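A short worksheet on the structure shown next.
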Number of protein chains: 2
Amino acid sequence: MRISEVAVRSGIPATTLRYYDTIGLIDAQREPNGYRAYDDGVLERLSFIEAAKQLDLALPEIAELLGVVEGDSCTQVRDALHPKLTERLREVDAHLANVRLLRNRLVAATRRVAACPDSGASCRSECMLLGERRRVCHTDDEPNDGGE
Amino acid sequence: MRISEVAVRSGIPATTLRYYDTIGLIDAQREPNGYRAYDDGVLERLSFIEAAKQLDLALPEIAELLGVVEGDSCTQVRDALHPKLTERLREVDAHLANVRLLRNRLVAATRRVAACPDSGASCRSECMLLGERRRVCHTDDEPNDGGE
DNA sequence: CTAGACCTTCGAGTTGGCTTCAAGGTCTAG
DNA sequence: CTAGACCTTGAAGCCAACTCGAAGGTCTAG
């Protein structure tokens with residue numbers, strides 16, 4: 001199979017396939033004329049890559065897993081994959097906590113700014129998001145559009 | 001005030017302050033010798049910038065807001081700031097939804113891989129994250145560490 | 001023989017917010 | 001006069017995962 005056929009059958013652009021080749025993620029044979037020659041197995045490998053990308057794994061990580069996946073037993077694959085997934089889950093949870101914190105800050109800031117008086121002593125601090133930034137005023141509700 | 005003093009008092013590196021100058025975020029006067037000369041107001045402006053960065057606003061956006069903040073009335077500041085914040089809140093909520101979806105996929109994949117048989121017909125599809133990716137198996141619980 | 005569809009490589013550009021580097025100007029204490 | 005602390009600029013590097021462009025090789029139909 002040449003690169004354009006792989007591109008059509010996998011839905012991944014030929015430029016990206018070449019890129020995957022240069023970083024060693026997908027290794028292609030070569031025809032005598034230098035064209036890349038892919039076997040049918042590449043489609044399964046690309047499916048794996050796409051699935052792993054859906055899980056937000058980095059390409060070097062996927063390349064490492066792909067090395068295990070190819071030709072090893074299910075047990076070995078599982079033992080390689082499972083820790084990566086749980087680790088990734090931990091990272092995603094940490095990220096989720098950060099984003100939720102950001103959201104709380106946003107809700108608090110939106111409320112403070114909305115409540116900003118037209119003038120007065122507190123006016124600058126209210127409107128400019130300055131002052132007492134410590135009291136973050138936790139609003140744990142989520143996509144629920146706080147006040148306003 | 002010279003740049004190093006601003007750096008110490010604001011906690012922002014001098015290199016970053018110069019960068020803020022080049023992108024027009026903070027405009028500094030100049031001494032006759034060419035050194036940047038900051039007035040005291042810069043510290044408040046930097047506080048605003050830091051606060052806005054905490055809310056994940058982009059620097060060009062912050063620059064725009066800073067233009068309004070400077071010297072305009074509280075009402076004008078509020079009217080400029082409030083829509084930005086609610087818009088940002090909407091983006092954050094959208095991002096949050098995406099991350100939650102990713103998390104659900106991760107939990108489902110982790111379970112499937114953990115349940116991967118040592119061999120057999122389903123072995124490859126289970127272990128390689130292939131097949132029936134449509135049944136995402138929603139687990140709406142959050143940082144609660146799914147199965148395992 | 002030639003148009004044109006396909007393939008190759010290499011290098012640079014994209015995104016944002018810096019950081020680092022290199023080369024050089026300015027000021028002050030001793 | 002000189003060491004050294006401070007300041008300046010412009011350019012390049014960093015992160016990921018591509019994406020694009022240029023220049024050129026290969027193959028086939030007409």
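Here is the naming used below: chain letters follow the sequence lines, and residue numbers restart at 1 for every chain. Because the structure is a prediction, the values reported are computed rather than measured.
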Inset, instruction - Using atom CD of A:Q29 as one end and atom P of C:dT8 as the other, report the distance to the nearest whole Å. - result: 14 Å
Inset, instruction - Could you state the atom-to-atom distance from CD1 of A:I62 to P of D:dC18 in whole Å? - result: 9 Å
Inset, instruction - Provide, to the nearest angstrom, the distance between the CG atom belonging to A:L25 and the P atom belonging to D:dA16. - result: 14 Å
Inset, instruction - Using the closest heavy atom to pick a nucleotide of DNA chain C for each, name whichever of A:R18 or B:Y20 lands nearer the 5' end. - result: A:R18
Legend entry - Touch class at under 4.0 angstrom, heavy-atom based, for B:I23 against every strand present: nothing
Inset, instruction - I would like to know whether B:H82 and A:T110 meet side chain to side chain contact (heavy atoms under 4.5 Å, CB included); could you show each step before the answer? - result: CA-CA 6 Å; B:H82 195 263; A:T110 307; 3.5 Å; yes
Inset, instruction - Would you please say whether a donor-acceptor pair under 3.5 Å links the side chains of A:R105 and B:Q54? - result: yes
Legend entry - Which nucleotides of DNA chain C pair, in dot-bracket form (Watson-Crick or G-U under 3.5 Å, | meaning another strand): ||||||||||||||||||||||||||||||
Legend entry - salt_bridge(A:E61, A:R88) N-O dist < 4.0 Å: no
Inset, instruction - Would you kindly compare B:R36 and A:A58 by the position of their nearest DNA chain D nucleotide and give the one closer to the 5′ end? - result: B:R36
Legend entry - Cationic N near anionic O, under 4.0 Å, A:D93 to A:R100: no
Inset, instruction - Considering only NZ, NE, NH1 and NH2 on the basic side and carboxylate oxygens on the acidic side, decide whether B:R2 and B:E31 come within less than 4.0 Å. - result: yes
Legend entry - A:T16 side chain near D:dA17 phosphate (N/O to OP1/OP2, under 4.0 Å): no
Legend entry - Atom-pair distance (CD on B:E61; P on C:dG17), nearest Å: 10 Å
Legend entry - Listed nucleotide nearest any side-chain atom of A:Y35, set C:dC18, D:dG25, C:dT9: D:dG25
Inset, instruction - Would you mind reading off the distance between A:E31 atom CD and C:dC6 atom P, rounded to a whole angstrom? - result: 14 Å
Inset, instruction - Quick one: pull up OH in A:Y38 and CZ in A:R45 and give me the separation to the nearest 0.5 Å. - result: 10.0 Å
Legend entry - First of B:R2 and A:Y19 reached from the 5' end of DNA chain D, by closest nucleotide: B:R2
Inset, instruction - Can you tell me the distance, in whole Å, between the NZ atom of B:K53 and the C1' atom of C:dG17? - result: 8 Å
Inset, instruction - Counting heavy atoms from C-beta on, name the nucleotide in D:dT8, D:dC27, C:dC7 closest to the side chain of A:S4. - result: C:dC7
Inset, instruction - Output the single nucleotide from D:dC7, C:dC7, D:dT19 whose closest atom is nearest the side chain of A:P13. - result: D:dT19
Legend entry - Sugar-phosphate, base or nothing in reach of B:T15, heavy atoms under 4.0 Å: base
Inset, instruction - Quickly work out the A:I12 CD1 to D:dA17 C1' distance and round it to whole Å. - result: 13 Å
Inset, instruction - Rounded off to whole Å, could you give me the CG-to-P distance for the B:L17 and D:dC6 pair? - result: 15 Å
Legend entry - Pair A:L59-A:K53, side chain to side chain contact (heavy atoms under 4.5 Å, CB included): steps then yes or no: CA-CA 8 Å; A:L59 292 190; A:K53 275 181 42 174; 4.1 Å; yes
Inset, instruction - Using the side-chain contact (heavy atoms from CB on, under 4.5 Å) rule, pick out the option among A:L25, A:I12, A:L65 that qualifies with A:I49. - result: A:L25
Legend entry - Proximity to the side chain of A:N33 - top-ranked nucleotide from D:dC27, C:dT8, D:dA17: D:dC27
